[in-house]
Colleague: 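To start, I am sharing the structure in question, which I have written as structure tokens.
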Amino acid sequence: MKFFYDKVSALLQEIASNNYNITLDYPVWELPSRQKFGDLSTAAPLKIASKLGKNPLEIAKEIKEDLSKKVNEDVKRIEIVKPGFVNLFFSESLLINELREIIQYKQNYFKGNNKRKVLIEFVSANPTGPLSIAHGRQAVVGDVIANLLEAQGNKVKREYYLNDQGRQIDLLVLSVKERIKEIEGKGCQIPEGGYQGEYLKDVAKAYLKKGKGGSLYEFCLNYIQSLIKADLDKLNISFDDWFSQKKLIEENKVEEVIKILKEDGFVYEKEGALWFNSAKFFDDKDRVIKKSDGTLTYFASDIAYHYNKCRRGYDKLINLWGPDHHGYIGRVKSALKALGYKEELLTVVIIQLVSLKSKQRMSKRAGKLIRFSELIKEVGKDAARFYYLTRKNSSHLDFDIDLAQKSSFDNPLYYIHYVCARIESIFKKANSLPDEKFSKYLKEPQELNMVRFLLQFSLCLQKSYYSLEPVFIIEYLKELASMFHKFYEKVRVLGDDSKKTKARLNILQATKEVLYFGLGILGIEPVEEM
RNA sequence: GCGCCCGUAGCUCAAUCGGAUAGAGCAUCGGCCUUCUAAGCCGAGGGUUGCAGGUUCGAUUCCUGCCGGGCGCACCA
């Protein structure tokens, strides 16, 4: 389907360009809203007509004629509808052939051959406490986007930027010091803006248990980082690299990059501080990079960090940030631009907040910490991953923790898992294995519609890939599950007619491939029985 | 005041860079198990897509202005 889709897309582009001198926007074909409109649909005639001031139906007719000459028996019928749509109906032989290919190539059928080198940086929560529920979302979305990129053939590196220096860390260490004093009976005064969380008592205890020597700073950092790693581990997420901000500063990288910006005239002094002229690019004002007290700002090291990323030779940089960072995009892109890189090199995906049904907002610094680990203890890895992916990145996610704690019965993941279980169950009872030679016996509408939908998975993957939105895969799998359960009710797989049985086992096999591939990208385990 | 996100059925959400009759689940009501798992399937009810304009052959989608909710707007990180 992917190749067929690419082929007809190229054909349509060619026709538009040759006959009308118009370049069509991606996507040129889309899935029709209703089955009666065929398997692929295009509104290209309407678009061409509006540009040329011609009658869309005339153009649709011309396109249909041109297309008919160029597609072979893969297309059964081309239809023109109302204002000026052109609809394609696939032939049964195309469907059967593609089904064969899925079974033959298995999950490779859906893999892409992009060869870009991509760096994705996500979570990067300050190492001042365990992960919150919002961080969990960023972790899962980032991991799935990385999987998605890999599935399309790209080489992906996952990176966590560790803000292991600066005021927040200082406050953390001071807070732990107070907790140590508390344990020693010397009173406890958490500093202004310090951390109240109970987990700091654990840090303090562990530090005392170890015997006080050694750097408290190092100890805190390692302890908290291990908490974060443990949380990520529960989601089965690991990073290729933990990039240390502290190291960046110690190795003088920040001063180096400031020097470069200075030489190019993007840095100036005002009121005793050093400013970066970001307003010249994509920011609404200039930003301080070195404070009047001589210390560097967080932004300064972030410039150095992104400069470092750029120099590592990636074709694409992706950052996942929380919504509180949206105003930050402009200044980082400005820095890249000033350093001679294209701003498109960096894509920032903003992951909106996660709230609870109780409407309580999570704030890490308020001390009212809602730990991610508590959540996952209740619902488990797969359900947590699934829930986190059920909204678009830009939408708030209302995580119904009460429901998740109460029962997992309403979890749509069960509906999808049930498909796995039913397929496995049939395979166990079947006397024969799927055999693609028998696919030609698939003739009934329910069977062919199932195949049609399986083929659409390629387009779903593409859409998810280009938009960096994992939610489309979730939506597809829910729909696939619905289609399958209907199929299951209406079409009996195991029957007297061995040819039909074998043919239908092919559908199950292909469904399994799609399901396993989709779940694999989401990082969710399939089940064998329920 | 400025910027970003959101507003769709009683509730939670879909709707393929603007497309054809705005769809699912939950909840409510009614049907379907001597046959591959009923954690399922089939059916019914439920909508002025926050409001008002605009652009378009076509608007839930894009633009403008309001209303309502969330989040930002540091020489914090």
Side-chain angles (χ1 to χ4, degrees), chain A residues 25-27 30-34 36-37 41-43 46-47 49-50 55-56 81-85 87 126 128 163 165-169 171 193 245 270-275 284-285 287-299 301-302 322-330 350 352-353 355 357 359 361 365 390-396 398 400 403 408-412 414-415 417-419 421-430 456 459-460 462-464 466-467 471-472 474-476 478-479 481-482 484-495 501 504 508 529-530:
Chain A
D25 298 330
Y26 172 87
E30 54 192 66
L31 296 172
S33 55
R34 301 196 184 266
K36 67 170 182 175
F37 295 128
S41 173
T42 182
L46 290 159
K47 279 158 192 164
S50 74
N55 180 353
V81 182
K82 283 183 265 175
F85 294 102
N87 298 332
N126 282 348
T128 52
N163 304 138
Q165 177 155 38
R167 180 186 283 187
Q168 297 306 324
I169 297 295
L171 280 170
Q245 179 193 14
K270 194 177 90 184
E271 295 159 9
L274 213 53
W275 296 70
D284 39 12
K285 52 184 163 185
R287 304 290 172 174
V288 170
I289 48 179
K290 192 185 272 184
K291 295 178 244 175
S292 51
D293 65 4
T295 58
L296 296 163
T297 61
Y298 173 82
F299 178 47
S301 47
D302 225 12
D324 52 333
H325 277 67
H326 85 264
Y328 204 79
I329 299 172
I350 297 291
Q352 281 292 336
L353 287 181
S355 58
K357 194 73 179 273
K359 300 290 178 204
R361 226 209 100 208
R365 285 170 200 163
T390 53
R391 299 285 175 272
K392 274 193 187 147
N393 300 333
S394 61
S395 295
H396 292 253
D398 210 7
D400 192 340
L403 182 70
S408 39
F409 232 65
D410 299 318
N411 192 339
Y414 273 57
Y415 187 65
H417 272 158
Y418 195 34
V419 176
R422 279 182 153 174
I423 289 175
E424 289 305 328
S425 173
I426 293 176
F427 278 149
K428 267 177 213 156
K429 291 202 169 138
Q456 288 176 11
L459 301 182
C460 161
Q462 279 190 17
K463 190 177 154 190
S464 233
Y466 285 116
S467 58
V471 70
F472 296 132
I474 293 272
E475 293 297 322
Y476 176 88
K478 277 157 79 174
E479 178 85 22
S482 173
F484 178 80
H485 291 310
K486 282 173 194 170
F487 173 80
Y488 181 92
E489 296 289 336
K490 282 179 189 155
V491 181
R492 200 183 155 78
V493 176
L494 303 178
T501 291
R504 287 170 183 164
L508 297 198
E529 58 184 29
M530 290 170 75

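Hydrogens, waters and symmetry mates are skipped; everything else that's a heavy atom, side chains included, is used. Numbered from 1 within each chain, the chains take letters A, B, ... in sequence-line order.
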Colleague: For A:Arg492, which contact category applies under a 4.0 Å heavy-atom criterion: base, sugar-phosphate, or nothing?
Modeller: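 Contact class for A:Arg492: base.
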Colleague: Would you indicate what A:Asn87 reaches in the nucleic acid, counting non-hydrogen atoms under 4.0 angstrom: base, sugar-phosphate, or nothing?
Modeller: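 Contact class for A:Asn87: base.
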Colleague: Could you tell me whether A:Glu271 contacts a base, only the sugar-phosphate backbone, or nothing, with contacts defined as non-hydrogen atoms closer than 4.0 Å?
Modeller: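 It contacts base atoms.
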Colleague: Quick one: label A:Pro56 by what it contacts on the DNA or RNA (base, sugar-phosphate, nothing), any heavy atom closer than 4.0 Å.
Modeller: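 No contact at all - A:Pro56 keeps every heavy atom at 4.0 Å or more from the nucleic acid.
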Colleague: Show the nearest heavy-atom pair for residues A:Gly84 and A:Pro56, with the distance to one decimal.
Modeller: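 Where A:Gly84 meets A:Pro56 most closely, the heavy atoms are CA-CB, 4.4 Å.
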Colleague: For B:rC33, decide between syn and anti, treating a glycosidic angle within 90° of 0 as syn.
Modeller: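 With its glycosidic angle within 90° of zero, B:rC33 counts as syn.
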Colleague: So what does A:His485 touch, heavy atoms closer than 4.0 Å: a base, only the sugar-phosphate, or nothing?
Modeller: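 The residue A:His485 makes sugar-phosphate contact but no base contact.
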Colleague: Closest approach of A:Gln245 and A:Gln165, non-hydrogen atoms and distance?
Modeller: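 Taking A:Gln245 first and A:Gln165 second, the nearest heavy atoms are OE1-O, 3.4 Å.
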Colleague: Using a 4.0 Å heavy-atom cut-off across all strands, classify A:Tyr328 as base, sugar-phosphate, or nothing.
Modeller: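 Counting heavy atoms under 4.0 Å across all strands, the contact made by A:Tyr328 includes a base.
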Colleague: Between the base of B:rA20 and the side chain of A:Ser41, is there a donor-acceptor distance below 3.5 Å?
Modeller: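 Counting by modelled atom types and ignoring angles, a donor-acceptor contact under 3.5 Å is found here.
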Colleague: Atom OH of A:Tyr415 to atom P of B:rG40: distance rounded to whole Å?
Modeller: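 After rounding, the gap between these two atoms is 7 Å.
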Colleague: For A:Val491, answer base if it contacts any base atom (sugar-phosphate contacts may also be present), sugar-phosphate if it contacts only those atoms, and nothing otherwise; contact means non-hydrogen atoms under 4.0 Å.
Modeller: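 The answer is base, as A:Val491 lies within the cut-off (heavy atoms under 4.0 Å) of a base atom.
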Colleague: Give A:Ser394 one of three labels, base, sugar-phosphate or nothing, depending on what nucleic acid heavy atoms sit under 4.0 Å from its own.
Modeller: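 It contacts sugar-phosphate atoms only.
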Colleague: Is it the case that the base of B:rC57 and the side chain of A:Ser50 share a donor-acceptor contact (distance under 3.5 Å, atom types as modelled)?
Modeller: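 A donor-acceptor contact between them is absent.
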Colleague: Base, sugar-phosphate, or nothing: which does A:Glu424 touch, judged by heavy atoms less than 4.0 Å apart?
Modeller: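 Nothing, no nucleic acid heavy atom in range.
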